[in-house]
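A quick write-up on the structure given underneath.
Quick note on labels: first sequence line is chain A, next is B, and so on, each numbered from 1.
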Number of protein chains: 2
Amino acid sequence: MLVIPNGDRVAVRRAATRLEILEAAWEVARSKGLVELTLRDVADRVGMRAPSLYGHFASKNAIYDAMFEQAWSDYEATIPDLEGALPSHPRTAMRVIAAHFYDFTATDLARHQLMNQSVIAGFAPSAEAYAPSVRVLERAHRTIVALTGARTEDVEVWVALVGGLINQHHANDAGGSRHRVLLDRGVDMWADAVGLPPDDQQ
Amino acid sequence: MLVIPNGDRVAVRRAATRLEILEAAWEVARSKGLVELTLRDVADRVGMRAPSLYGHFASKNAIYDAMFEQAWSDYEATIPDLEGALPSHPRTAMRVIAAHFYDFTATDLARHQLMNQSVIAGFAPSAEAYAPSVRVLERAHRTIVALTGARTEDVEVWVALVGGLINQHHANDAGGSRHRVLLDRGVDMWADAVGLPPDDQQ
DNA sequence: GTCTATACTGTGATAGAC
DNA sequence: GTCTATCACAGTATAGAC
């Protein structure tokens, strides 16, 4: 019979509670807004009082920090599937990559605000929480260069373009699909400028 | 001798006080942050107590509202000079227009956050405050179409691109000039895709 | 008519009892 | 570990001083 040391049992339970709190925080953020989230709301949802959360997180910003890391880690976890099924044609592949990130971030305002904007007053992600987003961007950069031969400068323009279209979506068209059309058009413009050959669809 | 009716005198003084409060609010926003601005800070700077501000603005968000309108009106006021001195070559002109907006908004974080992002919790600009920004965008749209013959869709991509680069500037490079280079590159890409002829510089 | 004093509510955070 | 009690500070409503 397996003997679990007492310390591990405690650690496992603590980690589970942390996850439960984070899940509640996401629900609150999605229902009443990321900025409007309060510790009392989160505590209610896990059946605690607000001060008890401080036994698991050092501050409200520490909760945001963990959510930030979680969001980018979740996205990172989707990349292998994406890259495994990438079309061979570079232009089509760039469309797919853009749409993949767009879909992940345009469907969830709270997640988008946390990942891509600085909407929370005194909050900036810690170095550890920032790490997954850095990995994602570096990996995207390598993939795009390998795929298209674009220069670093042009990859940064591509990132700004995709980000700008997602912002526009949330500002003007939240819920609509109009900006998906603009996204394809924007990627095509970029592909033209970088010199990618046309593909079959269109 | 000019006789000023009493009602006008009062109205003039009230308008002056409003402007004084707004100016103080901008100073606070620039020094300690747009979101971190408090009514007590603003009141201190104009020599009042916080509740007294309610004699001039209905709420804190009403102050943000007036600041929003002011920022876009100020930008609108710079357009005639810009368009009067626009280079005849379409590609160069698009570079100048982009740089003009970029410079206005990239040099002042508080103003950028208020004009282009939704960083304030419960605040959305009123219809009246929104009007100048709508006028600016519509005028830019007409100017760009007249200049380049671009389709509406492509103009929207251009707007998203410029906005995305400004966001990147504030997120990664605040104070630096690296994104000015990317801006020119981005505009060039767009110009290529829209079919503008090359210009002399470059 | 303009500002102040006071107070109410809700927030994040801390201290100490159990 | 979680609770209760409490704090400091925010926006804001109201009543009254001058």
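With sequence neighbours excluded, the residues forming a side-chain contact (heavy atoms from CB on, under 4.5 Å) with B/Ser31 are B/Arg45, listed by chain and number. A search for side-chain contact (heavy atoms from CB on, under 4.5 Å) contacts involving A/Ser133 returns A/Phe68, A/Trp72, A/Tyr130, not counting sequence neighbours. Under the side-chain contact (heavy atoms from CB on, under 4.5 Å) criterion, A/Arg40 pairs with A/Thr38, A/Ala50, sequence neighbours left out. Residues satisfying the side-chain contact (heavy atoms from CB on, under 4.5 Å) criterion with A/Ala121, sequence neighbours excluded, are B/Val35, B/Glu36. For A/Asp41, the salt bridge (Lys or Arg N to Asp or Glu O under 4.0 Å) partners at least two apart in sequence or on another chain are A/Lys32.
For the OP1/OP2 pair of D/dT2 and a distance below 4.0 Å, the side-chain nitrogens and oxygens of A/His56 include at least one atom meeting the criterion.
Annotation: proximity of residues 118-125 of chain A to DNA chain D (heavy atom, distance under 4.0 Å) is found for no residue. At a non-hydrogen distance threshold of 4.0 Å, B/Arg14 from residues 13-23 of chain B come into contact with DNA chain C.
Sorted by first and then second residue, the side-chain hydrogen bond (donor to acceptor under 3.5 Å, both in side chains) pairs with a member in residues 154-165 of chain A read A/Asp154-B/Arg185, A/Glu156-B/Arg178; sequence neighbours excluded. Every pair tested for salt bridge (Lys or Arg N to Asp or Glu O under 4.0 Å) that includes a residue from residues 115-125 of chain A fails, sequence neighbours excluded, so the list is empty. Every pair passing salt bridge (Lys or Arg N to Asp or Glu O under 4.0 Å) that includes a residue from residues 122-136 of chain A is listed here, sequence neighbours excluded: A/Glu76-A/Arg135.
Rounding to whole angstrom units, CZ of residue A/Phe57 and C1' of D/dG1 are separated by 15 Å.
Ion pairing of A/Asp103 with A/Arg180 is present here, as a side-chain N (NZ or NE/NH1/NH2) and a carboxylate O approach within less than 4.0 Å.
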Side chains of residues 53-63 of chain B: which donor-acceptor partners sit under 3.5 Å, not counting sequence neighbours?
| from | atom 1 | to | atom 2 | distance (Å) |
| --- | --- | --- | --- | --- |
| B/Ser59 | OG | B/Asn61 | N | 3.4 |
| B/Ser59 | OG | B/Ala62 | N | 3.1 |
| B/Lys60 | NZ | B/Leu37 | O | 2.7 |

*Which letter, B, S or -, goes with each nucleotide of nucleotides 4-18 of chain C from 5' to 3', with contact meaning a protein heavy atom under 4.0 Å?*
BBB----BBBB----
